[in-house]
Colleague: 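This is the structure I have questions about; it appears just below.
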Amino acid sequence: MANVTSSGKSNDLTNENGKGNGGLVVCFGEMLIDFVPTVGGVSLAEAPAFQKAAGGAPANVAVGIARLGGSSAFVGKVGADEFGYMLVDILKQNNVDTSGIKFDPNARTALAFVTLRADGEREFLFFRNPSADMLLQESELATDLIKKAKIFHYGSISLIHEPCKSAHLAAMKIAKDSGCILSYDPNLRLALWPSAEAARNGIKSIWDQADVIKISEDEITFLTCGDDPYDDDVVLKKLFHPNLKLLIVTEGSGGCRYYTQELKGRVAGVKVNAVDTTGAGDAFVSGIMYNLASDQSIFQNEERLRKALYFANVCGAITVTGRGAIPALPTKEAVLQFAET
């Protein structure tokens, strides 16, 4: 593997990056309402009031891609309630294809209360017992929509409960059989799994099927039971698998590392004044998916890969300068303008 460690620079981005006419990215999984405290640095119990915002990593990614000018769709289930209708309207307003969304009249849209405490740790409290997203059935899948995708993107939360787990596995098979690139962001939410062991096993159960995986340092530590997330040997021996085209390790403001069959290296992060880190990882994924949908040469072409990853780093950086995930997701113009400053 060639090892490249030079930092990404502002001239790493040009208008050729992501032409906007790329293939469809179908995002599968949960969409929910996040309730975020109106003041920062407090626990959920101490928060005086909460503001609602659309959430759910796969939905955030779908909006992020569309806002950059790409083509995206969301497949999942929400409650036939005011929150469910609101979420679907937000997707429509952001030009996301919503034809793969089902409404459940017998279950509520999921809710999550989330805060960033003074010590920098995020605290989650979920209301899903069961929520509509957990009840998507295989028979309800938008098969034709999935078959049209260039990339099929998903997380691991949809693997926790049936019938959604079976629907998730069936959707992956449809996508794979149709020649889609399978993109996986485990997005570990330990509070939702029955146990740490169940989370580790569940996340790893579909690991070897993915073509692209994005993972954080914390998730590496968790999946390897405490190994050093900065050690290339740990990543390559324990997490890289023979069918994988691209493994990305995100390090927040520190940037990201990349591993392919032939390449490995690092692209430096972008320094900004962070206001809210919610959705930063999803914005990063949107940036890389947007580029990948129109240019699959980035798996082999290191220059293009580094440009795409720098673009994704900028997407994440812009997002943390605003509050909430979806409201803060950038347009392509904002990314290019930011990169020039």
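This structure is a prediction, so every number in the text was calculated from the model and none was measured.
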Colleague: Kindly say whether Leu239 contributes a backbone atom to a donor-acceptor pair with the side chain of Trp207 at under 3.5 angstrom?
Modeller: yes
Colleague: Measure the CG-CG distance between Leu24 and Asp97 for me, rounded to the nearest 0.5 Å.
Modeller: 7.0 Å
Colleague: Does some side-chain heavy atom of Phe74 sit less than 4.5 Å from a side-chain heavy atom of Phe28?
Modeller: no
Colleague: Looking at Ala59 and Leu91, what are the two nearest heavy atoms and their distance?
Modeller: O-CD2, 4.3 Å
Colleague: Thinking salt bridges, do Asp144 and Lys148 make one under a 4.0 Å N-O criterion?
Modeller: no
Colleague: Check this for me: Lys147, atom NZ, are more than 12 non-hydrogen atoms of other residues, nucleotides or ligands nearer than 6.0 Å?
Modeller: no
Colleague: So how far is it from Glu30 CD to Ser158 OG, rounded to the nearest 0.5 Å?
Modeller: 6.0 Å
Colleague: Less than 4.0 angstrom from a charged side-chain N to a carboxylate O is my criterion; do Asp233 and Lys238 meet it?
Modeller: no
Colleague: Can a donor-acceptor pair be found, under 3.5 Å and without considering hydrogens, that links the side chain of Ser131 to the backbone of Arg128?
Modeller: no
Colleague: For Pro37 and Val42, work out which heavy atoms get closest and say how close.
Modeller: CB-CG2, 4.2 Å
Colleague: Do the side chains of Ser286 and Met289 get nearer than 4.5 Å, heavy atoms only?
Modeller: no
Colleague: So, Asp211 and Tyr184: side-chain donor and acceptor under 3.5 Å apart, yes or no?
Modeller: no
Colleague: Applying ring-ring contact (aromatic ring centres under 6.0 Å, His included), name anything that partners Phe222, two or more places apart in sequence or on another chain.
Modeller: none
Colleague: Let me see the working for Thr331 and Leu68 under side chain to side chain contact (heavy atoms under 4.5 Å, CB included), right down to the final yes or no.
Modeller: CA-CA 5 Å; Thr331 61; Leu68 289 168; 5.9 Å; no
Colleague: Flag the pair Arg304 / Asp295 as yes when at least one side-chain heavy-atom distance between them is below 4.5 Å, and no otherwise.
Modeller: yes
Colleague: For the residue pair Ser156 and Leu188, establish whether any side-chain heavy-atom pair is separated by less than 4.5 Å.
Modeller: no
Colleague: Under the side chain to side chain contact (heavy atoms under 4.5 Å, CB included) rule, what do Ile248 and Ile215 come out as? Steps first, then yes or no, please.
Modeller: CA-CA 6 Å; Ile248 304 166; Ile215 190 169; over 6 Å; no
Colleague: I'd like to know if Lys52 and Asp34 make a salt bridge, using a cut-off of under 4.0 Å between side-chain N and carboxylate O.
Modeller: no
Colleague: Do Leu32 and Val78 make a side-chain contact, defined as non-hydrogen atoms from C-beta onward lying under 4.5 Å apart?
Modeller: no
Colleague: Applying a strict under-4.5 Å side-chain criterion to I, L, V, M, F, W and Y, I'd like to know whether Phe83 and Phe124 cluster together.
Modeller: no
Colleague: Ring-plane angle category for Phe103 and Tyr85, please: parallel below 30°, perpendicular beyond 60°, tilted otherwise.
Modeller: tilted
Colleague: Once you measure the plane-to-plane angle for Phe152 and Tyr154, does it fall in the parallel (<30°), tilted (30-60°) or perpendicular (>60°) bin?
Modeller: tilted
Colleague: Between Arg306 and Tyr258, is there a side-chain donor-acceptor contact under 3.5 Å, judged purely by atom types and distance?
Modeller: yes
Colleague: Could you work out, with side-chain hydrogen bond (donor to acceptor under 3.5 Å, both in side chains) as the rule, every residue matching Ser43, not counting sequence neighbours?
Modeller: Glu46
Colleague: Could you check if a side-chain atom of Phe338 sits within less than 4.5 angstrom of a side-chain atom of Val272, using non-hydrogen atoms only?
Modeller: yes
Colleague: Does Phe50 belong to the same Ile/Leu/Val/Met/Phe/Trp/Tyr cluster as Val39, with side-chain heavy atoms less than 4.5 Å apart forming each link?
Modeller: no
Colleague: Check whether any side-chain N or O of Asp231 sits under 3.5 Å from a backbone N or O of Asp227 as a donor-acceptor pair, and report yes or no.
Modeller: no
Colleague: Out of curiosity, does Leu292 fall in the hydrophobic cluster containing Val335 (side-chain heavy atoms, cut-off under 4.5 Å, transitive links)?
Modeller: yes
Colleague: Go through Glu251 and Arg266 one step at a time and tell me if the salt bridge (charged side-chain N to carboxylate O under 4.0 Å, His left out) criterion holds.
Modeller: CA-CA 10 Å; Glu251 300 177 357; Arg266 171 187 293 277; 2.7 Å; yes
Colleague: Which heavy atom of Ser183 sits nearest a heavy atom of His153, and at what distance?
Modeller: OG-ND1, 2.7 Å
Colleague: Judged by atom type as modelled, is there a donor-acceptor pair below 3.5 Å linking the side chain of Ser195 to the main-chain atoms of Ala198?
Modeller: yes
Colleague: Return yes when atom CZ of Arg108 has more than 12 non-hydrogen atoms of other residues, nucleotides or ligands closer than 6.0 Å, and no otherwise.
Modeller: no
Colleague: Hey, what do you get for CG (Leu247) to CZ (Arg257), rounding to the nearest 0.5 Å?
Modeller: 9.0 Å
Colleague: Grab the two heavy atoms, one from Gly29 and one from Pro58, that are nearest each other, plus how far apart they are.
Modeller: CA-CG, 4.0 Å
Colleague: Taking side chain as C-beta onward, heavy atoms only, is Asn94 less than 4.5 Å from Arg67?
Modeller: yes
Colleague: Taking atom CG of Asn301 and atom CD of Gln296, what is their separation to the nearest 0.5 Å?
Modeller: 13.5 Å
Colleague: Out of curiosity, does Phe240 fall in the hydrophobic cluster containing Ile213 (side-chain heavy atoms, cut-off under 4.5 Å, transitive links)?
Modeller: yes
Colleague: Hey, is Lys102 close enough to Asp133 for a salt bridge, meaning N to O under 4.0 Å?
Modeller: no
Colleague: So Trp193 and Leu159, side chain to side chain contact (heavy atoms under 4.5 Å, CB included) or not? Walk me through it.
Modeller: CA-CA 10 Å; Trp193 291 86; Leu159 295 171; 4.3 Å; yes
Colleague: If you group Ile, Leu, Val, Met, Phe, Trp and Tyr by side-chain heavy-atom gaps below 4.5 Å, do Val88 and Ile90 land in one group?
Modeller: yes
Colleague: Main chain of Ser216, side chain of Glu219: is a donor-acceptor contact present, judged purely on distance under 3.5 Å?
Modeller: yes
Colleague: Kindly give the heavy-atom pair with the smallest separation between Leu87 and Ile33, and that separation in Å.
Modeller: CD2-CD1, 3.7 Å
Colleague: Please check if the number of heavy atoms outside Glu162 that lie under 6.0 Å from its CD is greater than 12.
Modeller: yes
Colleague: Nearest 0.5 Å please: distance from the CD1 atom of Ile203 over to the CG atom of Asn187.
Modeller: 9.0 Å
Colleague: If you round to the nearest 0.5 Å, how far is NE2 of His161 from CG of Asn129?
Modeller: 9.5 Å
Colleague: Would you name the heavy atoms of Leu145 and Ser99 that are closest together and state the gap between them?
Modeller: CD2-OG, 3.9 Å
Colleague: Between the main-chain N or O of Glu262 and the side-chain N or O of Thr260, is there a donor-acceptor pair closer than 3.5 Å?
Modeller: yes
Colleague: Do Leu246 and Tyr259 touch side chain to side chain, with heavy atoms closer than 4.5 Å?
Modeller: no
Colleague: Assess the residue pair Cys315 and Phe311 against the criterion (side chain to side chain contact (heavy atoms under 4.5 Å, CB included)); give the C-alpha distance rounded to whole Å, side-chain angles, the decisive distance to 0.1 Å, and a yes or no.
Modeller: CA-CA 6 Å; Cys315 289; Phe311 184 96; 3.8 Å; yes
Colleague: Tell me if a side-chain donor or acceptor on Glu123 pairs with a main-chain N or O of Val114 at a distance below 3.5 Å.
Modeller: no
Colleague: Quick one: which residue pairs count as a side-chain hydrogen bond (donor to acceptor under 3.5 Å, both in side chains) with a foot in residues 72-81, not counting sequence neighbours?
Modeller: Lys77-Asp104, Lys77-Glu140, Asp81-Thr109
